[in-house]
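Structure first, then comments.
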There are 2 protein chains.
Amino acid sequence: MAREQVPEPDPRRRGPPDPVLNGYKIDNPTLLSRIPSDELTQLLAGYGWTPFLVEGSEPESMHQAMAATLDRCVELVRGAQAEARRTGVAARPRWPMIVLRAPKGWTAPAELDGHALEGSWRAHQVPIPGVKRDPARLALLERWLRSYRPEELFDAAGAPVAAVREAAPRGPRRMGASARANGGLLKKALRLPDFRDYAVTVESPGGSQAGNTGPLGAFLRDVLRANDRNFRFFSPDETTSNRLDAVYEASGKLWLGASLPEDADGGRLAPDGRAVEVLSEHTLEGMLEGYLLTGRHGLLASYEAFVHIIDSMFNQHAKWLSICNRLSWREEIASLNLLVTSTVWRQDHNGFTHQDPGFLDVVVNKSAEVTRIYLPPDANCLLSVADHCLRSENYVNVIVADKQVHLQYLSMEAAVAHCAKGIGIWDWASSDEGHDPDVVMACAGDVATLEALAATAMLREAFPDLRLRFVNVVDLFKLQPETEHPHGLSDRDFDSLFTGDAPIIFNFHGYPWLVHRLAYRRRNHPNLHVRGYKEKGSINTPLELAIENQIDRFSLAMDVIDRVPRLLGPGAHAKERFRNRQIQCRLHAQEYGIDPPDIVGWRWPAGDAVGRD
Amino acid sequence: MAREQVPEPDPRRRGPPDPVLNGYKIDNPTLLSRIPSDELTQLLAGYGWTPFLVEGSEPESMHQAMAATLDRCVELVRGAQAEARRTGVAARPRWPMIVLRAPKGWTAPAELDGHALEGSWRAHQVPIPGVKRDPARLALLERWLRSYRPEELFDAAGAPVAAVREAAPRGPRRMGASARANGGLLKKALRLPDFRDYAVTVESPGGSQAGNTGPLGAFLRDVLRANDRNFRFFSPDETTSNRLDAVYEASGKLWLGASLPEDADGGRLAPDGRAVEVLSEHTLEGMLEGYLLTGRHGLLASYEAFVHIIDSMFNQHAKWLSICNRLSWREEIASLNLLVTSTVWRQDHNGFTHQDPGFLDVVVNKSAEVTRIYLPPDANCLLSVADHCLRSENYVNVIVADKQVHLQYLSMEAAVAHCAKGIGIWDWASSDEGHDPDVVMACAGDVATLEALAATAMLREAFPDLRLRFVNVVDLFKLQPETEHPHGLSDRDFDSLFTGDAPIIFNFHGYPWLVHRLAYRRRNHPNLHVRGYKEKGSINTPLELAIENQIDRFSLAMDVIDRVPRLLGPGAHAKERFRNRQIQCRLHAQEYGIDPPDIVGWRWPAGDAVGRD
């Protein structure tokens, strides 16, 4: 029975919610209370309801009207449910709803000092102020409260009389004891397929390309299949665009509206669809939060620039989670998983409006105990991270991974180890083993990693004796001290990776300042030089956009020459070549609208070609 | 005539906009295209329109139907306008609107490879892909395009024929040449009263209290009065709550809905109101943007925690502005002015959900050429900053100022000088003149300034020979290098204010990391110690909340003792006293729900009491 009370659209399994309308805000009438009744009825009918108005101010007749209307509504709900269950047809019902139009501050004195009180915005907050000082007002308040006849409701000791006590629900029917209000009680762990089964084959690091989100889509498809009652996938009309359309093999798109014959040909609309697609990030975030709060699991995928639309909702959910951590009776719920894709660096035809990696800056402001950020560099890392996130509880997990085809770096085995560490040296790209490095080339994010790696190859070819350490960051909070975030590296680990004094060139997916904000307390921070997005962009080729923001291979290689003292003079020739090539690439992009083939087809040079020592 | 085309609600002066509905998104049908026609009609009528449906797929009859419907709608619009102008009564009209229900990709081939094309989501983006490689598809595309009979539309040289040319509007009636699309052409500078006339009297710095937003409200009232055609004030139902209700002396609240008799008593609803109040930050931001884009001026006040709701809209407007700066033909428009009030530090009964100063972190990510952030510490600084913002063009100005009663520091003359500099030493609070300071106490934000000042008084009393420099920041971007932001201080100026090596205790209104993000390149950054909000809060007293986040006077004073080497040992006794007092204050707040009287009534000690040397 309890399940029926959760608002979901399919009438075979669910009943309707009960909307409530309010007539006044703190200082204004509400719009809906002031449009004509016929317009209000049309509006609510247009929203898909069957509205019933209960209107008046005389308590006794209002109670009767409300009771009769409630009975009628329950009857309609039961009838629609029975019909849907009998026929098995999930049509969208026009659920009943009740509009209660009663005076604001109902039963309050009609006036106070000559101003309307009952039925006015003055009844908001403190209807009768000043009762402590003003005996006349105190008397007015007393008269009002006595109109409730407390002597009939409480006994001589002040306890509620039996009739009141008996009207209250008992045990789990009490609102605060309902499992629905403490969804962790109902939560069942997901049955997860082995994410390793979806691995992309990586013969040699950086030697081949694949789409990063495609394998995740296949994994999510099987998560949907194995958890067909408690997992949903949410997307603002972007599932196919984000290359996650494998999920449709397991589930259609939730749709109870009218269907047309052509829908049968690839429309994928289904009344029991578990892929929820609405072109409204707000609506999806709200639905996902409700779904999690009632004990289920889910993931919401969004274009990166537009996930800012739910900043405020994220903030409030994160605040709610961090309070929950201090309430012993509240059971853990599934984490809110956000896949941030179609990212800043691959907006070829969308341009400047679609370039905004700043959601991470919002996320890092919230409590460290509930926030996690991952930037998997390739498909296997993304699978490993996603599996981890789907198993976790009481977090907001943000995964940043672009939907386009990218170089693949790590075999599944290597990816699992790398993601478990969250940050690590890629020894196959490094040339400093057994030595203090001349420079640390660090990166976080798929495109940032590609460019850092290409810069590394150029540098190692130009300077075979350069000792370069290549560090990739998956788990962004590793950069923070362990005292600030549970995932933070100890200073010893950080200093070991980043050294105490070598220049660090950090190529970052997002706004560069975020890395400084996380790492400003580290010993080697004065030598940390971060590149990232800085609001330079248009409808550019990928390399052109990278160059505009100086996260491209050429800029990074020149950064290294500028910052490694022993390269500054001798490296001038190489620097000149890098700059020439950068200019050529820009001109090529401007002339042909695409990047040169050797850039598009660039691979990490296998074996000795990079001058491994 | 041109004025009538701008969508505004009052039919005496304005006509209706023309909404357009779409049947398919990139990959899904739209909801409105699939609800039954009667429900759609009810919905649109419920929104206040008179909907007309034009539906079909046969071009010739559709053209006729559309033309007839347009004629009918123009007639209705003209009729409603004439009636409203004749009677002078501004009732809300039920404007006509047209729902055009035509096939998506109308006139495209019905099918492609056996899949529906015309009237399907497949007609989105590229309806017939692969025409370069597939001659059959190219032929199909050609057939489709030839159905438009280009030979009748273009002459032999490929130019449009005369009939086509003549149908195009000319001169300023061309869409791109309309002044409405380049609102700066229509913009008139505001007639601004002298903001100095609204000054709060400040006899001695920190010696008295006043509400900070009240005088601003009086200034805005007179801005409304002097600019009754081109200035509006926007607020999510919070004007009175934010102590800006003086604006109502100049203007009611825009309201064309039904009125009730009791509205006459303080409801302040008016059909020509220029205070726009909707409890929806999105709606207000959108209205304000449209108002600015068409050449007018405005200011939007929001609770601080809820301005995050418009993060994404701010981002896009800032991006738009920074592009405009590179378009020589586009005239400057008025800045988008956001007053961020009811801030994190004074949420006594609202608590944790209302504590979020993170909007600033979003703002700093956008282009330096269009973003400005001000944190005026008192009423006179707020007036000076607001005047500056209302005069500016092509910026987003964010002003952070709490609505509650606060200490007043600067006379109007001092405030004008302080705000012009944007950052400055308060010599009356400092004890280092003529010497290198032992410590720099810096602050930004009203409450942060109060606590820093109280800490300064405690320290100067405890250590009469302490050389303390007190620095207040109004213009946050002063902290950035001048190479990063046009307001940025040069390194010389920064080093002169903050020294090269003295410890800096910086008490910040927002998240503390933001100051590091702005100042990480400065020489003395390693000694910069920032306090700010760190997600610790509940329904606390003001001091309790400050203590939770360590921005309180006691924490700051102890920070100084910890960081000034010559105080570390000798200062232990004072530190103990500060900690004891901090504990007492916490206990007092927990017991009485308010702060101790000597905290609430604290004033900066006049004259010698602070041990001025």
Side-chain angles (χ1 to χ4, degrees), chain A residues 25-29 31 34-36 39-48 115-116 119-121 237-241 253 257-258 262-263 265-267 269 277 279 305-306 308-309 311-312 315-316 319 322-323 352-353 356 358 361-362 364-367 511 513-514 516-517 520 525-526 535, chain B residues 25-29 31 34-36 39-48 115-116 119-121 237-241 253 257-258 262-263 265-267 269 277 279 305-306 308-309 311-312 315-316 319 322-323 352-353 356 358 361-362 364-367 511 513-514 516-517 520 525-526 535:
Chain A
K25 300 173 287 179
I26 184 171
D27 204 29
N28 278 299
L31 286 178
R34 292 292 182 97
I35 61 178
E39 210 171 296
L40 178 63
T41 307
Q42 284 178 308
L43 180 68
L44 298 172
Y47 284 152
H115 299 293
S120 134
W121 48 265
D237 193 35
E238 294 158 359
T239 307
T240 302
S241 166
K253 305 162 186 171
E262 56 263 39
D263 294 339
D265 178 27
L269 309 180
E277 305 208 5
L279 188 36
F306 304 124
H308 266 303
I309 293 173
D311 280 3
S312 183
N315 282 337
Q316 295 300 334
K319 278 181 176 275
S322 64
I323 293 289
F352 191 48
T353 54
D356 192 316
D361 297 79
V362 175
V364 294
N365 280 340
K366 287 291 160 286
S367 170
Y511 291 100
W513 316 284
L514 179 56
H516 288 291
R517 171 226 185 290
Y520 69 86
H525 179 258
E535 292 288 313
Chain B
K25 300 172 288 179
I26 184 171
D27 203 30
N28 278 299
L31 285 179
R34 293 291 182 96
I35 61 177
E39 209 169 296
L40 178 63
T41 307
Q42 285 179 306
L43 181 67
L44 298 171
Y47 284 152
H115 298 294
S120 132
W121 48 266
D237 192 34
E238 293 157 1
T239 307
T240 302
S241 166
K253 305 164 185 171
E262 56 262 40
D263 293 339
D265 177 26
L269 308 180
E277 305 209 4
L279 188 36
F306 305 124
H308 266 303
I309 292 172
D311 279 2
S312 184
N315 282 336
Q316 295 300 334
K319 279 181 176 274
S322 65
I323 293 289
F352 192 48
T353 54
D356 191 317
D361 297 80
V362 174
V364 293
N365 280 339
K366 288 291 160 286
S367 170
Y511 291 100
W513 316 285
L514 179 57
H516 288 291
R517 171 227 185 288
Y520 69 87
H525 179 259
E535 292 289 314

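Every chain is numbered from 1, with letters handed out A, B, ... down the list of sequences.
Using the six-membered ring where Trp is involved, B:H516 and A:Y520 have ring planes that are parallel, under 30° apart on the 30 and 60° scheme.
Both the backbone and the side chain of A:E277 come within contact range of chain B, each with at least one heavy atom under 4.5 Å from a heavy atom of that chain. B:S120 does not touch chain A: none of its heavy atoms, backbone or side chain, sits under 4.5 Å away. Interface remark: A:S322 contributes side-chain atoms only to the contact with chain B (heavy atom separation under 4.5 Å). Residue A:P29 touches chain B through both its backbone and its side chain, counting heavy-atom pairs closer than 4.5 Å. Both the backbone and the side chain of A:H115 come within contact range of chain B, judged by heavy atoms closer than 4.5 Å. In this structure, the portions of A:K319 lying under 4.5 Å from any heavy atom of chain B include both its backbone and its side chain.
Taking chain B as the reference chain and counting heavy-atom pairs below 4.5 Å, the highest number among A:D237, A:N315, A:T353 is found for A:D237. Among A:V364, A:V362, A:L514, A:I309, the residue with the largest count of heavy-atom pairs under 4.5 Å with chain B is A:I309. Ranked by heavy-atom pairs shorter than 4.5 Å toward chain B, the options A:E535, A:Q316, A:H308 are led by A:E535. Taking chain B as the reference chain and counting heavy-atom pairs below 4.5 Å, the highest number among A:T41, A:T239, A:D263 is found for A:D263. Note on B:S367, B:A305, B:G266: by heavy-atom pairs under 4.5 Å with chain A, the leading option is B:G266.
A 4.5 Å side-chain heavy-atom check between B:I35 and B:Q42 finds every atom pair outside the cut-off. Residues A:N28 and A:W121 fail the side-chain proximity criterion, which asks for heavy atoms closer than 4.5 Å.
The two residues B:A45 and A:E39 come nearest to each other via the heavy atoms O-CG, 3.3 Å.
Shown here are the ring-ring contact (aromatic ring centres under 6.0 Å, His included) partners of B:Y511, two or more places apart in sequence or in another chain: B:W513, B:Y533.
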